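Input: a single structure, listed below in structure tokens.
Treat the numbers as computed from the prediction; the structure is a model and nothing was measured. Just so you know, residue 1 is the first one in the sequence shown, and it goes up from there. Side chains are part of it too, since the values below use all heavy atoms of this structure and drop only hydrogens, waters and symmetry mates.
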Amino acid sequence: MFGIDYKKWIAEAVAAKMAEYLVWLKVSPSWEKTVIGYADAKDKKFDAYFEQGLCNHPKRMYRPGNTVIVHFTQISPHLVTDYEEGRMTGEDWEKLCLDTRQVARGITDGVISTLQAFGREVSLLPESENWSHVCGAEVANLGTFEKKEDMIWKDQAVGYMGAVITEVPLKS
């Protein structure tokens with residue numbers, strides 16, 4: 001029996017969306033490679049986060065969900081440094097942050113389209129659930145993230161996240 005390598009298809013969709021947005025937004029490469037994580041929706045860490053009020057539980061949002069797929073698109077570190085050291089205007093920084101959100105949303109759409117093309121069920125984790133994105137990233141072993149200044153941070157890395165939940169069981 002032959003299986004479908006969903007992770008390969010998802011990675012290809014993410015790369016294609018990144019390339020598409022560079023052309024569409026008419027910008028030079030402003031982002032590092034997007035990292036993708038896979039979290040088991042039944043992981044007990046989600047129960048702990050839910051009990052602490054940090055996030056909604058993925059299984060409460062989408063019952064057949066088995067896997068939370070999280071992605072983080074990081075702004076290139078040299079651009080963050082340029083902004084912090086005054087070599088980038090606040091207006092340019094704001095545009096870069098908005099572009100980063102746009103790219104992250106496009107990547108989320110690419111992940112959804114990819115899974116749906118194979119007839120798989122998938123549900124978007126809404127932006128109001130950003131902490132669920134952060135918790136999902138931690139469960140997927142992408143690291144510890146926090147939300148500040150309306151962006152997502154991991155140590156000195158700044159970017160934006162997206163997340164979906166699917167019934168496809170994908171291991172991290």
Check: In terms of hydrophobic clusters joined by side-chain contacts under 4.5 Å, are V14 and V23 together?
Finding: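 No, separate clusters.
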Notebook entry, point to check: Is W153 reachable from L98 through a run of I, L, V, M, F, W or Y residues, each pair having side-chain heavy atoms under 4.5 Å apart?
Noted result: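 No; W153 is not reachable from L98 via cluster members.
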[X] versus [Y]: any side-chain heavy-atom pair under 4.5 Å?
X: I152; Y: H133; value: no
X: I69; Y: V164; value: yes
X: D40; Y: K171; value: yes

For the student: nearest non-hydrogen atoms of [X] and [Y], plus distance:
X: A104; Y: H71; answer: O-CE1, 3.1 Å
X: I36; Y: A11; answer: CD1-CA, 4.1 Å
X: V68; Y: A41; answer: CG2-CB, 4.4 Å
X: G110; Y: A13; answer: O-CB, 3.9 Å
X: A39; Y: V139; answer: CB-CG1, 3.6 Å
X: T73; Y: I107; answer: OG1-CD1, 3.4 Å

Checklist line | Check against side chain to side chain contact (heavy atoms under 4.5 Å, CB included), M151 and I75 | finding: CA-CA 11 Å; M151 294 297 286; I75 295 172; 4.2 Å; yes
[X], [atom1]: over 12 other non-hydrogen atoms inside 6.0 angstrom:
X: K8; atom1: NZ; result: yes
X: Q156; atom1: CD; result: no
X: E94; atom1: CD; result: no

Notebook entry, point to check: Is it true that E91 and K95 make a salt bridge, defined as a side-chain N closer than 4.0 Å to a carboxylate O?
Noted result: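 So E91 does not pair with K95 through a salt bridge.
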Hey, could you give me the [atom1]/[atom2] distance between [X] and [Y], rounded to the nearest 0.5 Å?
X: Y160; Y: R105; atom1: OH; atom2: CZ; value: 5.0 Å
X: L96; Y: D82; atom1: CG; atom2: CG; value: 10.5 Å
X: K33; Y: M18; atom1: NZ; atom2: CE; value: 10.5 Å
X: W31; Y: Y21; atom1: CH2; atom2: OH; value: 10.0 Å
X: D92; Y: R87; atom1: CG; atom2: CZ; value: 13.5 Å
X: I10; Y: L115; atom1: CD1; atom2: CG; value: 4.5 Å

Notebook entry, point to check: Ignoring hydrogens and geometry, is there a side-chain-to-backbone donor-acceptor pair from E32 to Q74 under 3.5 Å?
Noted result: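 Not confirmed, E32 side chain does not pair with Q74 backbone.
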Check: Would a distance-only check, ignoring hydrogens and angles, find a side-chain to backbone donor-acceptor pair under 3.5 Å from T67 to V168?
Finding: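 Present.
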Check: Should the pair Y83 and W93 be assigned to parallel (<30°), tilted (30 to 60°) or perpendicular (>60°) ring geometry?
Finding: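 Geometry flag for W93 against Y83: parallel rings.
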Checklist line | Over-ring placement of K154 relative to F72, 6.0 Å and 45° cut-offs | finding: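 No, K154 does not lie over the aromatic ring of F72.
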